[in-house]
Amino acid sequence: MEFTLPENTTLIADTARRYLKNNYSFDAYRQQLEQADHLQSPRWSLMQELGWFGLPFAESSGGYGGDLLDVAMIVRELGAALCLDPYVDVVVAPGKLLEFIGSDAASTMLTQLINGQARLACALYDFQAGYQVLTPSLNFNGVRLSGQKHFVPDGGHADILLVTALNGSELVLCAVPLKLCETQRYRALDGSRMVNVLFEDVVITDEMIIARGEVVEEALGRLLAYLRALDCARMYGAASALYQRTLEYAKIRKQFGVTIGSFQVIQHYLVDMFIDLQQLESMLLMVAIKAESTDDFQRQRASLAAKAYYADKAVRIAQQAIQIHGGIGVTEELDVGHYFRLITHGSLTHGDRAHLVKGFAELRN
Amino acid sequence: MEFTLPENTTLIADTARRYLKNNYSFDAYRQQLEQADHLQSPRWSLMQELGWFGLPFAESSGGYGGDLLDVAMIVRELGAALCLDPYVDVVVAPGKLLEFIGSDAASTMLTQLINGQARLACALYDFQAGYQVLTPSLNFNGVRLSGQKHFVPDGGHADILLVTALNGSELVLCAVPLKLCETQRYRALDGSRMVNVLFEDVVITDEMIIARGEVVEEALGRLLAYLRALDCARMYGAASALYQRTLEYAKIRKQFGVTIGSFQVIQHYLVDMFIDLQQLESMLLMVAIKAESTDDFQRQRASLAAKAYYADKAVRIAQQAIQIHGGIGVTEELDVGHYFRLITHGSLTHGDRAHLVKGFAELRN
Amino acid sequence: MNLEFTREELEFQQSIRDWMGAHVTEDIRRCSALGEMPAKEQQQKWEQLLGKQGWLALTWPKQYGGPGWTATQRYIFDLERAMVGAPPTSPFGVAMVGPVLYTFGSQEQKDRWLPGIVSGELLWCQGYSEPNAGSDLASLKTRAERKDDHYLVNGQKVWTTQAHWADMMFCLVRTDPAVKQQQGISFLLIDMKTPGIEVRPIYSIDGHHHLNEVYFTDVRVPLNNLVGQEGMGWTIAKYLLTHERTTIAGVADSRHEIARLKRAVAESPCSYDKSQAWQRIAELEIELMALEYTNFRTVAATDEGQPFGPESSGLKIKGTEFQQKVSQAMVELGGMMSLTWDNQKTVGSDIFNRATRRYNFLRACTIYGGSNEIQKNVLAKMLLGL
Amino acid sequence: MNLEFTREELEFQQSIRDWMGAHVTEDIRRCSALGEMPAKEQQQKWEQLLGKQGWLALTWPKQYGGPGWTATQRYIFDLERAMVGAPPTSPFGVAMVGPVLYTFGSQEQKDRWLPGIVSGELLWCQGYSEPNAGSDLASLKTRAERKDDHYLVNGQKVWTTQAHWADMMFCLVRTDPAVKQQQGISFLLIDMKTPGIEVRPIYSIDGHHHLNEVYFTDVRVPLNNLVGQEGMGWTIAKYLLTHERTTIAGVADSRHEIARLKRAVAESPCSYDKSQAWQRIAELEIELMALEYTNFRTVAATDEGQPFGPESSGLKIKGTEFQQKVSQAMVELGGMMSLTWDNQKTVGSDIFNRATRRYNFLRACTIYGGSNEIQKNVLAKMLLGL
């Protein structure tokens, strides 16, 4: 076994860190919080120039053949920098879905995405179906769709939504121009933008249909594992930043004439955070490899376990970071509270803890 | 509201404490651990002389009309003294079951129990049915019983067992002479004696049948609530003794030239124990009143909640008591480990935590 | 032993419930239903309504305007207040500076300030914490220098809740920098309209503005705004900590939150694993029972003239941790419905849509008023006799 | 990055598995199946079997009798050992005194003691703790006075695991009471048959006798049983703490226990709420994964010549807490089946009947070898740089 990152992965991670250091900051984040359209920023084209748009995809699809591990290291840095640029939601998620589908229509669309010509987002959830992506509430009525999709991450930035809907008992994936739908936009807990989408008698033409049936179900299974791994990567970046900041703070903040880091209870809190962070790192490395395994059981097991673990321990680290910071930790001016929200958010996407543990328990081997 | 114990209850508790101080000790306990028959001890008749045999029962049954609260205070003291005399199992449990049944046959037997003429124990469980007392695995075949009862607490001291069995779908309670059955005796986790009982074609005569059907179900429901409250009382006595001992130990045990109680982490551990013990006391007072409420919902809610809470917090106190004591805490010579076992035992009788929480959740109001 | 309210208490409860039903209008209860903090106008409207009824200064002696209720009656009132969804009243006037004034203040001070507190017209804030004096209050640096007929105040306070609403601040200041930490501290009342005071907002992660920084530059405060003697500040502050704490655990509000959580689960779609949710709620309800009965015990003891000592700190620790736990359950049981920043209605249960605001807000409840770690230090001292 | 064993490692694993299958007889595996501690005879039989194979002193350099394995191979060996239900080997000779001897000992000492350790014939115990020196080892008082050709040892050791089995004890003694605590301590080897040694059993709450008190009254120990120089004892003890700790978390045994727990649940009656049980087990398995991959990382780092520092203490803390958690789950999921004192078969699953023994035994695992609180103190120092 070997846990050292491959050289090119280290290079990718270092580049991402340097790029974010030069082009992003807590101030930039706070400005971005107030903006509705992130894709206007020069960073968006910079990301494309850095090759991030093509990185996650096979060379045969026109990508650079990066592994999940490579993408995860970028996403970890995005999390560590609190960066709101919707790389995962507008590039990785829809792109991987298309790649997993692998049909001609999907490949054409993927090429457009990699070139920056198409802006896509995935509309997989609705509140009735909850985390059960295989049984969406949206149903075909003949060739029309009427109903809703919810919680579409950064969906407002897309021109086209990849939408799941049931036709009878068959799951269908279609590409629907956003302008055919009504949308409700809102700011999500991590500061990103979300939309709920209303379909009123939207006619789905044959060209809009990307795939049907089992191939969609399988692709969704692979996509979820992939995205859960990226959720972990993002939370790891944030948790690791929180740990560093809290450790530094404990070394300089004085109370009762001494640094708070000299109190045994605070020391043990920090040690617990350190140990948990070690374990979170192990789980991240594990899931970044296994969540793209071709073995269905391995993939599911890894992604359910890692995210369930994060929903417990990363959340705990975020809570302790605030507790040790005291009053300053709950203010908008400090990044600590923002990381806290990012982690809360990350713990609820693609399955909450109870849902994931239950899924894991049902995966009997 | 008033949380002061009534004067006579305080008197009963004080008497019990004094009695145990004069007649029992950790040495006596360790001797008793090795003995098989506790009822030979002079303490057994002393208990009867103190009026404890009659205390739990209505005056109309020949008892002294004590409340559950009175009995709970005795049992708390028994727990605090680690006393193994099977007062609950051989007097309170079978007596209350008979009283809750209330038929003539039951009353006659109860009078004998109070007078010390009959020695009874309850055989309600078997491992197939688990905690589901209303559906025992023991079945009538005509007038005969063949099968097993398990985990009969202090059953070896009884002449007669109160046995539940199903006749078709009807629950039957019968009084079976122990000598008609084969038994496997063993020492239980708290040091008490348990038996598993084997029935081989035991003929149940009409006189042996105490009651049938709903009246048995109802009586069992009331009994379980009553006994769960006493489980809490016993665990409270033990947890409170553990807290006291641990606090004292932290004040005298020195490491690194100072008492371990001067370490902030140990201080916080002790504070957590103290706070939990406060809450356990509140739950004990609550359940000691409500578990004999005539309101079925109140009774169940209180007894499920209190015991589930104890199975969590009393167990935690016991674990921390050992951790703070260090090596000495895991030796047989010190009482700490014995209290620890008592509490583990108490957390598993009449429902474990998961079972009780589930029961509580299903009690929708 | 008696775990039930008496007949008189039940009648009292009914009368309070009736009054709440008639007087707590939609705009008052709206905030708690939405997980919002009330605006100043709503908060004041509610407090003045209570003040008019004589129900604001609940713990005060009758002579100063208290209703003459027992601790049990006050507890019942708080329960009914929470169950109807009305906000808690602000503690600064009624629970803090008021008792200080009628205990340590001069007759003139009592006459001048108490009536405004009783009626809910005069709003107060608390000037304790400073940037380098959080848990370690005794190291505070804000200076009040005696000059002729006034004190000249210079320095900075922080985490000052509702400073931007308040008419007055009660404040710990250092009047003598020469003596040891605790000894040079005095208790001063400052009119927030005095020139030289600047209030700057602090926005917190629940998206609200309730905290502030307050800067003092050559602020002139009349000498007779000093409570007690110079140097008595620390004694007064400690007195306040021992003052009645029977509602400190927020049990009534936790009960209200659990009721809302149950409603949210009940109205949620069935894709949702409800049996898991009900079990998690059952665990919360069981823990709430332990808190409630411990709280009952402090109330009953107070009515018997034997107020709890360390037990009430324990209640504060458990109660605040429990509030956090309930709010976390609400966020997690809400799943994707909880993913909102702005506390706005998105889809599904309203209660879940707005769950993170309270969750974020409550991160502070184990920090303010002496962090739980500090509370444990103090309790340890009392238990271990160190 | 590569999370799989290489082909060579898989072949190695298969060869170990085959060997275990052929050599681990029922009497060796019986104890772990019953939750018992092995008797001396079983333990020695097992260790001598390994010794004969050259598989006992796994971490040692080849020149002293190690098998020359990588850390990964040692990890694989431990996994297979645990999965087949064979007991862990005693650490005192192989993991503790052996490395001390080949690092600090004289040629004569190496020649005299190492072969018996490698073969599993010579049993050792560790004389560190004393009644008033538990976590605070440096305050130990057992005195070794130099008299002509020997040391005269007087004092008492406690919590001495397997002292009643051991041929030899390695021991920290005070040779110079005049200098500061750590400095006057020396590392001495004592033959347990020397007159003046009395071993008294301590029975622990799992019902076993594995701990002892050891009393020394004028015990004569030859001067050449001193390892290194006088006063080097503390240095040697610290060296031991940094020695390989890749199996310290007991991960292989936890995995084995979870497998047993799953078996017990599977064979339990259906009155039992299995879906709750499987979810609890799922939570344990998820936590085990995090531990295992962290353990893999320490193993891989060791093989790359970069052994983990503080991370391995973290692993010890997590690993021991996890062992306790698994054993508690086993007791609780067993319900009434777990209510046995004597580890005897009563009814239902054997595994549940015997669950409390391990639960009780494992209370000590967060205490011995430096309590987890002490481990955290040490880690905090390294993290905070204090």
Side-chain angles (χ1 to χ4, degrees), chain A residues 33 125-132 135 137 148 150-151 153 184 186-192 194 196 253-257 260 263 265-266 269 311 315 318-319 322-334 336-338 340-341 344-345 347-355 357-358, chain C residues 129 131-139 158-159 181 202-209 211 268-273 276-277 279-280 324 328 331-342 344-349 352-353 356 359-364 366-368 371-374 376-377:
Chain A
L33 271 183
Y125 295 101
D126 65 87
F127 100 99
Q128 296 284 353
Y131 294 116
Q132 316 291 341
T135 50
S137 315
Q148 302 193 35
H150 303 128
F151 321 118
Q184 176 201 12
Y186 52 98
R187 185 154 59 171
L189 182 59
D190 63 349
S192 69
M194 265 191 178
N196 294 338
R253 168 71 171 172
K254 285 194 170 186
Q255 291 279 277
F256 305 102
I260 61 171
F263 292 106
V265 161
I266 302 291
Y269 285 179
V315 165
Q319 292 172 340
I322 288 188
Q323 185 69 22
I324 295 173
H325 272 86
I328 192 82
V330 297
T331 63
E332 285 284 313
E333 283 109 287
L334 199 71
V336 168
H338 296 266
F340 175 81
R341 273 187 297 226
T344 312
H345 183 108
S347 72
L348 293 171
T349 49
H350 311 304
D352 61 20
R353 184 160 182 269
H355 173 84
V357 170
K358 201 178 171 207
Chain C
S129 293
N132 291 303
S135 293
D136 176 18
L137 211 51
S139 69
V158 74
W159 315 128
Q181 282 208 329
I202 300 176
Y203 293 93
S204 44
I205 55 169
D206 54 6
H208 274 294
H209 166 210
L211 303 172
S268 283
C270 38
S271 64
Y272 203 88
D273 184 344
Q276 272 193 336
Q279 281 188 45
R280 182 156 182 189
Q324 291 183 340
Q328 185 170 349
V331 168
E332 292 179 1
L333 292 174
M336 289 180 288
M337 288 181 268
S338 306
L339 292 178
T340 59
W341 168 299
D342 294 302
Q344 64 172 306
K345 173 76 193 147
T346 55
V347 68
S349 163
F352 285 143
N353 290 167
T356 53
Y359 175 61
N360 293 339
F361 170 68
L362 284 175
R363 296 325 304 170
T366 49
I367 295 169
Y368 58 56
S371 73
N372 282 9
E373 286 74 23
I374 297 289
K376 286 187 186 179
N377 288 350

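Keep in mind that this is a model prediction, so the values were computed, not measured. Reminder, nothing fancy here: chain letters follow the sequence lines and each chain counts from 1.
- When all heavy atoms of C/P269 and A/F127 are compared, the pair lying nearest together is CG-O, 3.2 Å.
- To the nearest 0.5 Å, atoms CD (C/Q276) and CZ (A/R353) are separated by 10.0 Å.
- With rounding to the nearest 0.5 angstrom, the CH2 atom of C/W341 is 8.5 Å from the CG atom of A/D190.
- Within the 4.5 angstrom heavy-atom criterion, atoms from both the backbone and the side chain of A/H345 approach chain C.
- Heavy atoms closer than 4.5 Å to chain C are found nowhere in A/V336, neither backbone nor side chain.
- For chain A, no part of C/S139 is nearby; none of its heavy atoms comes within less than 4.5 Å.
- Among C/V158, C/N360, C/N132, the residue with the largest count of heavy-atom pairs under 4.5 Å with chain A is C/N360.
- Remark: the A/Q323 side chain and the C/S371 side chain contain no N/O donor-acceptor pair separated by less than 3.5 Å.
- Across C/T346 and A/Q184, no two heavy atoms sit closer than the pair O-OE1, 3.6 Å.
- Using a 4.5 Å cut-off between heavy atoms, A/R253 touches chain C through its side chain atoms alone.
- Neither the backbone nor the side chain of A/L334 comes within less than 4.5 Å of any heavy atom in chain C.
- With a 4.5 Å cut-off on non-hydrogen atoms, C/V331 touches chain A through its backbone and its side chain both.
- Counting non-hydrogen atoms of neighbouring residues, nucleotides and ligands closer than 6.0 angstrom, the NZ atom of A/K254 reaches no more than 12 such neighbours.
- Using a 4.5 Å cut-off between heavy atoms, A/T349 touches chain C through its side chain atoms alone.
- Looking at C/I205, C/L362, C/D206, C/I202 one by one, the single match for side chain to side chain contact (heavy atoms under 4.5 Å, CB included) with A/V330 turns out to be C/I205.
- With a threshold of 4.5 angstrom between heavy atoms, A/F263 does not approach chain C through any atom at all.
- Using modelled atom types, one finds a donor on one side chain and an acceptor on the other under 3.5 Å when comparing C/Q328 with A/Q319.
- Neither the backbone nor the side chain of C/F361 comes within contact range of chain A, judged by heavy atoms closer than 4.5 Å.
- In terms of heavy-atom pairs under 4.5 angstrom with chain C, the leader among A/T344, A/D352, A/I328 is A/I328.
- Contacts of C/A133 with chain A are made by backbone atoms alone, with heavy-atom separations under 4.5 Å and no side-chain atom involved.
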- request: Assess whether side-chain contact (heavy atoms from CB on, under 4.5 Å) is satisfied between C/L339 and A/Y186, documenting all intermediate values.
  value: CA-CA 10 Å; C/L339 292 178; A/Y186 52 98; 5.9 Å; no
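- Residue A/V265 touches chain C through its side chain alone, counting heavy-atom pairs closer than 4.5 Å.
- Across all their heavy atoms, A/Y125 and C/M336 have their closest contact at CD2-CE, 3.5 Å.
- Only the side chain of C/I374 comes within less than 4.5 Å of a heavy atom of chain A; its backbone N, CA, C and O stay farther away.
- When heavy atoms are compared at a cutoff of 4.5 Å, A/R187 approaches chain C by way of both its backbone and its side chain.
- Heavy-atom distances place both the backbone and the side chain of A/F256 under 4.5 Å from chain C.
- For A/L33, the part lying near chain C is the side chain, with the backbone staying farther off; criterion is any non-hydrogen pair under 4.5 Å.
- Contacts of C/Y203 with chain A are made by both backbone and side-chain atoms, with heavy-atom separations under 4.5 Å.
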